[in-house]
Amino acid sequence: MAEKTIPILPCRTIQPVLEFYTALGFEVTFQQKSPNPYAVVERAGIELQFFGMKQYEPAESFSTCYVVTDDVDGLHAVFRTGLKAAYGRIPTRGLPRIGPPKDMSYGVRQFLLTDPGGNCIRIGKRTSEDQRHRRAPEETYARALHHASLLADSKDDPAMAAKVIDRALHLEDEQPTPVQLLRLLVLRADVAGRLGDEGTATAALAEAAAVHLTAEERQSVHDDLKRLEELRN
């Protein structure tokens, strides 16, 4: 026997969603305008189907699905290139948007892709056989990073992630390491941008860029430094 799961996701209007996925290299393999709007896009082993709902609110969507790949970073690079060609920029906030690849605490490396319909496509690769959430670290700043990352990228709650980071950064009796400080500031800038708080985002980016790191430390935060440059540009 052979089975295949195909997600069927909602959107207010079909055409912007199809244009988005076409920019990513998908092919529209079916489209129906009446009696009910419906469409199918495919790329290699990924198939997504969509239906239109006039009263649907994309900004309030909870629709999501997971795509497993063996090349997270390669697919992310292809998608970024396609989006920049189609939109003239790489959308990192609002709808649509694409997030950075990250190593998550539950044994996957993934990035989040949100289409114009508000559907979040999580694209990742297993990095561990243990898919359970790891226990939060005991150390103050490692714990803050753990919780803030989950809130920002798993629960899509940038406002709460910002509160966790701000609370950690304003402690008076402890200080983060340079690596921890950079990671907290980059994530703070990222979530501030998602919240439309440009002042905080700009300040956090400037402070992050001023953090001095050794060559070994820079290697350990490669993803964060890459995200820093993306956000600054």
Side-chain angles (χ1 to χ4, degrees), residues 67-84 89-93 97-113 122-155 158 161-162 164-171 174-194 200-233:
V67 173
V68 178
T69 177
D70 59 2
D71 187 7
V72 176
D73 293 273
L75 199 56
H76 183 263
V78 169
F79 285 178
R80 279 173 53 88
T81 299
L83 290 173
K84 187 171 184 179
R89 61 182 179 84
I90 299 169
T92 59
R93 64 188 68 171
R97 64 180 180 270
I98 185 171
K102 289 189 176 183
D103 293 312
M104 305 305 294
S105 63
Y106 40 89
V108 299
R109 180 169 177 78
Q110 69 176 24
F111 66 92
L112 307 186
L113 180 75
R122 300 167 182 262
I123 302 172
K125 175 183 178 180
R126 286 189 178 187
T127 55
S128 170
E129 290 302 315
D130 184 358
Q131 300 293 290
R132 295 172 296 179
H133 279 279
R134 308 301 190 265
R135 291 184 60 183
E138 294 296 328
E139 195 277 328
T140 300
Y141 297 100
R143 188 178 185 86
L145 278 165
H146 174 89
H147 287 305
S149 294
L150 289 176
L151 286 164
D153 297 313
S154 288
K155 294 191 175 181
V164 170
I165 297 170
D166 288 344
R167 186 162 54 245
L169 291 177
H170 287 88
L171 292 174
E174 296 183 65
Q175 293 294 323
T177 66
V179 164
Q180 290 172 331
L181 178 59
L182 178 117
R183 294 189 65 200
L184 285 165
L185 288 169
V186 171
L187 184 54
R188 184 64 181 91
D190 195 339
V191 297
R194 298 187 213 177
T200 298
T202 299
L205 290 172
E207 192 174 348
V211 175
H212 176 72
L213 299 173
T214 66
E216 185 177 354
E217 288 172 335
R218 292 182 67 84
Q219 183 61 34
S220 72
V221 291
H222 174 268
D223 286 346
D224 302 272
L225 290 172
K226 184 177 180 180
R227 185 59 171 168
L228 173 60
E229 289 306 308
E230 290 173 354
L231 293 171
R232 293 181 74 190
N233 295 328

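The environment of CG in D71 is crowded: more than 12 heavy-atom neighbours from other residues, nucleotides or ligands sit within 6.0 Å. Heavy-atom neighbours of R97 CZ from other residues, nucleotides or ligands within 6.0 Å: above the threshold of 12. Within a 6.0 Å sphere centred on CD of E216, heavy atoms belonging to other residues, nucleotides or ligands number 12 at most.
Taking all atoms of both residues into account, the shortest heavy-atom contact from R143 to A136 is NH1-CB, 3.6 Å. T214 and E217 make their closest contact through N-OE1, 2.9 Å (heavy atoms, listed as atom of the first residue, atom of the second, distance). The shortest non-hydrogen separation linking P178 to V211 is O-CG1, 3.5 Å. Closest approach of R218 to L213, counting heavy atoms only: CG-CB, 3.6 Å. In terms of heavy-atom proximity, A148 sits nearest to A161 at O-CB, 3.6 Å.
Applying salt bridge (Lys or Arg N to Asp or Glu O under 4.0 Å) to D153 and the options R122, R109, K102 leaves one that passes, K102.
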Sequence neighbours excluded and cut-off under 3.5 Å, please list the side-chain donor-acceptor pairs for residues 180-192, or say none.
| from | atom 1 | to | atom 2 | distance (Å) |
| --- | --- | --- | --- | --- |
| Q180 | OE1 | T177 | N | 3.0 |
| Q180 | OE1 | T177 | OG1 | 3.4 |
| Q180 | NE2 | E139 | OE1 | 3.0 |
| R188 | NE | D166 | OD1 | 2.8 |
| R188 | NE | D166 | OD2 | 3.4 |
| R188 | NH2 | D166 | OD2 | 3.1 |
| D190 | OD1 | R194 | NE | 3.3 |
| D190 | OD1 | R227 | NH2 | 3.3 |
| D190 | OD2 | R227 | NE | 3.1 |
| D190 | OD2 | R227 | NH2 | 3.2 |

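To the nearest 0.5 Å, atoms OG1 (T200) and CD1 (I165) are separated by 11.5 Å. One distance of note links OH of Y141 with CG of L171; it measures 4.5 Å at 0.5 Å rounding. Going from atom OG of S220 over to atom CG of L225 covers 8.5 Å, rounded to the nearest 0.5 Å. Atoms CG and NE2, from D73 and H76 in turn, are 8.0 Å apart once rounded to the nearest 0.5 Å. Taken to the nearest 0.5 Å, the CG atom of D103 stands 11.0 Å off from the NZ atom of K125. Annotation: the span from H146 atom NE2 to L151 atom CG amounts to 9.5 Å, rounded to 0.5 Å.
Inter-residue side-chain proximity for I98 and R80 is flagged as met; some heavy-atom pair is nearer than 4.5 Å.
Taking the ring pair (Phe, Tyr, Trp, His ring centres under 6.0 Å) definition, one finds that H147 meets it with nothing, sequence neighbours left out. R232 meets the salt bridge (Lys or Arg N to Asp or Glu O under 4.0 Å) test with E229; sequence neighbours excluded.
Listed for the T69 side chain is no donor-acceptor partner under 3.5 Å among the backbone atoms of G124.
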